[in-house]
Amino acid sequence: MNKKIEKICCIGAGYVGGPTMSVIAQQCPDIQITVVDMNESRIAAWNNSNVDLLPIFEPGLADIVAEARGRNLFFSTDIEKAIDEADMIFISVNTPTKNYGKGKGKAADLKYIELCARQIAEIATSDKIVVEKSTLPVRTAAALKNILDNTGNGVNFHILSNPEFLAEGTAVQDLLHPDRVLIGGEDANAITALAAIYENWVSKDRIITTNLWSSELSKLTANAFLAQRVSSINSISELCEKTGANVDEVARAIGMDSRIGSKFLKASVGFGGSCFQKDILNLVYIARSYNLHEVADYWEQVILMNDHQKHRFADHIIQTLYNTVSGKKIACYGWAFKKDTNDTRESAAIYVADYLLNEEAELVIYDPKVPVEKIYADLDYLHTRTPEENRRLVTVVTDPMEAVKHAHAIAILTEWDEFKTYDWTLIKELMKKPAFVFDGRKLLNRRVLEGIGFKYYAIGE
Ligand code: NAD
Ligand code: UGA
């Protein structure tokens with residue numbers, strides 16, 4: 001195959017498929033892109049005439065969708081038609097941690113990926129380039145190829161790995177200005193065809209090519225290294241609290257060493273998000289499957305440290321509030337796993353809240369972007385207590401001042417910028433005294449808060 005790509009189909013209209021295809025459509029007006037999903041309500045939301053109601057909130061995304069949608073960007077549930085017409089098919093479906101059977105709680109669940117492969121094989125009547133956009137275990141391309149070649153209609157399939165490195169909250173900027181675009185594959189023409197798409201807005205020296213397995217493994221490795229940095233600085237944050245060192249000062253001092261670098265050294269209540277934990281668990285699982293137990297243990301520690309950080313933050317709240325939070329009102333500021341996203345998957349807030357609820361705290365939760373139902377759904381999903389109990393102990397409010405009325409303490413769990421702009425003098429007046437703030441994101445200024453009269457605790461100080 002050596003032709004210019006005219007039609008793209010992307011299976012999966014989620015946090016990756018939606019923004020990635022919107023940016024490609026904006027940058028390549030000559031290519032027709034159809035993003036398909038089996039989730040009808042998600043597609044309906046992508047087609048909402050009010051772009052402020054798209055299913056995913058990302059700064060800058062609504063404008064891009066408004067520009068390209070209906071021109072060369074389409075969202076549809078007609079998966080078969082889109083597959084049939086496309087020259088290139090991106091697979092961008094979810095690859096969650098398995099919650100059943102062999103590898104439960106560790107391996108990646110590839111059932112959605114396999115379903116896509118079977119559907120492509122069944123429908124395709126012309127040659128296709130199939131692009132792995134989802135994050136996959138190393139060597140998944142071999143399984144995909146096997147399914148495609150053995151169940152297909154005799155057409156040629158070329159598989160490429162093109163992992164996505166965008167972070168939520170900055171997805172549009174990451175897509176417009178990527179550090180690198182990685183393409184793994186065997187067929188030179190297919191690689192050239194995909195690279196040509198990115199070359200519309202990414203300089204050639206940032207588009208790197210590797211073999212399939214290096215590309216698949218690089219994605220897992222990148223996430224593992226990023227998460228490891230957060231766990232590393234979080235481990236030091238605990239030592240700082242014991243020794244009088246300040247973790248921000250330590251991070252700054254080590255980050256100025258150009259070999260270490262300054263990014264991803266912000267101590268926090270723990271990393272969340274749909275991918276870090278999932279991808280490390282997967283890496284650990286793969287290492288164990290090759291009997292590489294030392295390798296597996298090494299990476300597993302990143303997750304154990306993260307769990308420890310979330311628990312010790314909640315523990316510290318309990319200890320400080322005179323060893324009991326039963327019946328006490330604690331306001332949680334933030335529920336998303338980081339600022340500027342409405343995504344709550346694996347958010348540290350969920351686990352801190354669950355821990356406090358086990359001690360019968362009464363929580364009042366405020367997040368600027370996460371809907372009420374989502375917060376209850378996250379807590380119910382843990383099955384720690386009944387939905388009725390969750391609703392008895394947890395109130396979700398849409399006014400941040402409402403949240404703190406008569407509260408014994410505030411826990412800052414997401415680093416939303418707006419929290420910094422609040423009238424903290426008024427907040428203290430509304431709270432019970434002594435008024436405690438537990439800053440899990442090191443967001444506020446200790447001097448200012450203590451000046452107002454708060455008892456202020458921040459991670460790593
Ligand atoms: P998501 O859950 O938001 O979206 C996946 C979508 O795929 C869902 O809407 C689902 O309905 C759809 N889907 C699943 N199977 C389907 C099928 N057979 N046919 C049609 N639609 C189907 O997931 P996401 O966050 O976009 O992640 C997708 C992949 O990208 C994962 O492998 C993830 O690890 C990886 N990734 C995610 C991010 C991120 O920031 N979220 C960043 C980089 C990579
Ligand atoms: C991460 C990676 O950054 C992306 O490159 C990758 O594509 C993506 O995972 C993925 O594969 O899904 P994301 O999870 O969206 O992106 O967001 P990050 O900015 O990486 O933050 C992850 C978590 O780490 C958040 O909870 C954040 O608050 C926390 N974090 C991050 C810290 O606690 N400290 C830091 O210094 C950085």
Side-chain angles (χ1 to χ4, degrees), residues 1 9-12 14 16-17 36-38 79-80 82-83 86 88-164 182-191 193-194 209-224 274-275 278-292 295-296:
M1 191 186 287
C9 159
C10 172
I11 309 180
V16 168
V36 293
D37 204 295
M38 57 189 183
I79 301 175
E80 296 192 3
I83 291 176
M88 181 178 274
I89 301 167
F90 285 79
I91 302 182
S92 208
V93 301
N94 39 328
T95 49
T97 305
K98 257 186 107 175
N99 59 5
Y100 56 90
K102 191 170 175 223
K104 179 178 174 179
K106 298 183 185 106
D109 191 345
L110 297 180
K111 71 176 170 209
Y112 305 105
I113 293 285
E114 181 170 342
L115 244 146
C116 290
R118 290 190 185 280
Q119 203 163 13
I120 294 168
E122 202 176 296
I123 294 162
T125 51
S126 59
D127 294 357
K128 312 275 182 207
I129 298 173
V130 177
V131 184
E132 298 176 343
K133 195 47 138 171
S134 299
T135 303
L136 297 169
V138 54
R139 297 205 71 82
T140 303
L144 275 182
K145 178 117 187 88
N146 209 282
I147 294 169
L148 289 168
D149 287 348
N150 286 298
T151 47
N153 303 314
V155 300
N156 290 313
F157 293 106
H158 297 297
I159 299 182
L160 299 177
S161 160
N162 173 222
E164 185 47 61
L182 175 59
I183 302 176
E186 285 161 358
D187 184 84
N189 289 333
I191 293 173
L194 180 55
T209 56
T210 65
N211 76 26
L212 274 168
W213 322 126
S214 302
S215 175
E216 289 179 334
L217 187 56
S218 295
K219 174 62 197 178
L220 292 181
T221 307
N223 273 358
S274 63
C275 294
K278 156 179 91 73
D279 292 346
I280 295 179
L281 286 171
N282 189 214
L283 193 67
V284 168
Y285 184 76
I286 294 168
R288 288 215 195 284
S289 73
Y290 289 107
N291 279 321
L292 305 179
V295 177

Trainee: Should Leu110 and Pro137 count as side-chain neighbours, where that means a heavy-atom distance under 4.5 Å?
Mentor: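 The answer is yes; the side chains approach within 4.5 Å.
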Trainee: Which pair of heavy atoms, one from Lys133 and one from Pro163, lies closest together, and at what distance?
Mentor: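 Looking at all heavy atoms of both residues, the closest pair is NZ-O, 3.9 Å.
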Trainee: Restricting to non-hydrogen atoms, name the atom on Asn153 and the atom on Ala121 that form the minimum distance, rounded to 0.1 Å.
Mentor: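 Heavy atoms only, the tightest pair is ND2-O, 3.5 Å.
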Trainee: Under the criterion side-chain contact (heavy atoms from CB on, under 4.5 Å), I'd like the reasoning laid out for Glu186 against Leu212: C-alpha separation, chi angles, the key distance, then a yes or no.
Mentor: CA-CA 7 Å; Glu186 285 161 358; Leu212 274 168; 3.9 Å; yes
Trainee: Can you check whether Glu132's main-chain N or O pairs, donor with acceptor, with Ser161's side chain at less than 3.5 Å?
Mentor: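 Not at all, since once roles are kept as given, no pair shorter than 3.5 Å links the two residues.
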Trainee: Can you tell me how far CG of Leu148 sits from CD1 of Ile89, rounded to the nearest 0.5 angstrom?
Mentor: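 So the gap between those two atoms works out to 8.5 Å.
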Trainee: Just how far is it from atom SG of Cys9 to atom CD of Glu80, taken to the nearest 0.5 Å?
Mentor: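 The SG atom of Cys9 sits 11.5 Å away from the CD atom of Glu80.
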Trainee: Taking Lys102's backbone N and O only, do any of them form a donor-acceptor pair with Lys98's side chain (distance below 3.5 Å, no angle check)?
Mentor: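 Here the side-chain-to-backbone pair exists.
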Trainee: Just verifying a value: how many Å separate Thr95 OG1 and Lys278 NZ, rounded to the nearest 0.5 Å?
Mentor: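 That separation rounds to 3.0 Å.
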Trainee: What's the shortest heavy-atom distance between Leu160 and Gly185, and which atoms?
Mentor: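 Of all heavy-atom pairs spanning Leu160 and Gly185, the closest is CD2-CA, 3.9 Å.
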Trainee: Determine, step by step, whether Arg118 and Glu114 satisfy the salt bridge (Lys or Arg N to Asp or Glu O under 4.0 Å) criterion, reporting the C-alpha distance in whole Å, the side-chain angles of both residues, the deciding distance to 0.1 Å, and the verdict.
Mentor: CA-CA 6 Å; Arg118 290 190 185 280; Glu114 181 170 342; 2.8 Å; yes
Trainee: Is there a side-chain contact between Lys106 and Val284 in this structure, where contact means two heavy atoms from C-beta onward sitting under 4.5 Å apart?
Mentor: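 No, side chains not in contact.
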Trainee: List the atom of Gly103, the atom of Tyr285, and the distance in Å for their closest heavy-atom pair.
Mentor: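 Smallest heavy-atom distance, with atoms named: CA-CE1, 3.6 Å.
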Trainee: Find the distance between CG (Leu281) and SG (Cys275) and round it off to the nearest 0.5 Å.
Mentor: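 It is 12.0 Å, given to the nearest 0.5 Å.
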Trainee: What verdict does the side-chain contact (heavy atoms from CB on, under 4.5 Å) test give for Thr97 and Asn99, after you've listed the backbone C-alpha separation in whole Å, the side-chain angles of each residue and the deciding distance to 0.1 Å?
Mentor: CA-CA 6 Å; Thr97 305; Asn99 59 5; over 6 Å; no
Trainee: What is the distance from atom OG1 of Thr140 to atom CD1 of Ile159, rounded to the nearest 0.5 Å?
Mentor: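 With rounding to 0.5 Å, OG1 (Thr140) is 10.0 Å from CD1 (Ile159).
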Trainee: Do the side chains of Phe157 and Leu144 get nearer than 4.5 Å, heavy atoms only?
Mentor: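 Not touching, per the 4.5 Å side-chain cut-off.
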Trainee: Side chains of Tyr112 and Ile11: closer than 4.5 Å at any heavy-atom pair?
Mentor: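 No, their side chains stay 4.5 Å or more apart.
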Trainee: Looking at Arg139, is its backbone amide N or carbonyl O close enough to the side chain of Glu216 to form a donor-acceptor pair, meaning the two atoms are under 3.5 Å apart?
Mentor: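 Judged by distance alone, yes, a pair lies under 3.5 Å.
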Trainee: Would Asn162 and Leu194 count as a side-chain contact (heavy atoms from CB on, under 4.5 Å) here? Give the steps.
Mentor: CA-CA 9 Å; Asn162 173 222; Leu194 180 55; 3.8 Å; yes
Trainee: Taking the side chain as every heavy atom from C-beta outward, state whether Ile113 and Leu136 have any pair of such atoms under 4.5 Å apart.
Mentor: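 Yes, close enough: below the 4.5 Å cut-off.
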Trainee: Counting N and O atoms only, with roles assigned by atom type, does the side chain of Asp109 sit under 3.5 Å from a partner on the main chain of Pro96, one being a donor and the other an acceptor?
Mentor: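 Not at all, since once roles are kept as given, no pair shorter than 3.5 Å links the two residues.
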Trainee: Do Lys111 and Tyr100 touch side chain to side chain, with heavy atoms closer than 4.5 Å?
Mentor: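 Lys111 reaches Tyr100 side chain to side chain.
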Trainee: Is there a donor-acceptor pair under 3.5 Å between the side chain of Asn211 and the backbone N or O of Trp213?
Mentor: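 Yes, the answer is positive, given that a donor and an acceptor are paired below the 3.5 Å cut-off.
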Trainee: Please tell me if the side chains of Val93 and Leu115 come closer than 4.5 Å, counting only heavy atoms from C-beta onward.
Mentor: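 Not in contact.
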Trainee: Looking at every heavy atom in both Met88 and Ala193, which two are closest together, and how far apart are they?
Mentor: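 Nearest pair, atom of Met88 first, then Ala193: CE-C, 4.3 Å.
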Trainee: If we count only N and O atoms by modelled type, under 3.5 Å, do the side chains of Ser126 and Lys128 hold a donor and an acceptor together?
Mentor: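 Yes, Lys128 and Ser126 have a side-chain donor paired with an acceptor closer than 3.5 Å.
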Trainee: With rounding to the nearest 0.5 angstrom, report the OG1 to CD1 distance, Thr210 to Ile183.
Mentor: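 Between atom OG1 of Thr210 and atom CD1 of Ile183 there are 9.5 Å.
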Trainee: How about Leu220 and Thr135: do any of their side-chain heavy atoms sit closer than 4.5 Å?
Mentor: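 Leu220 reaches Thr135 side chain to side chain.
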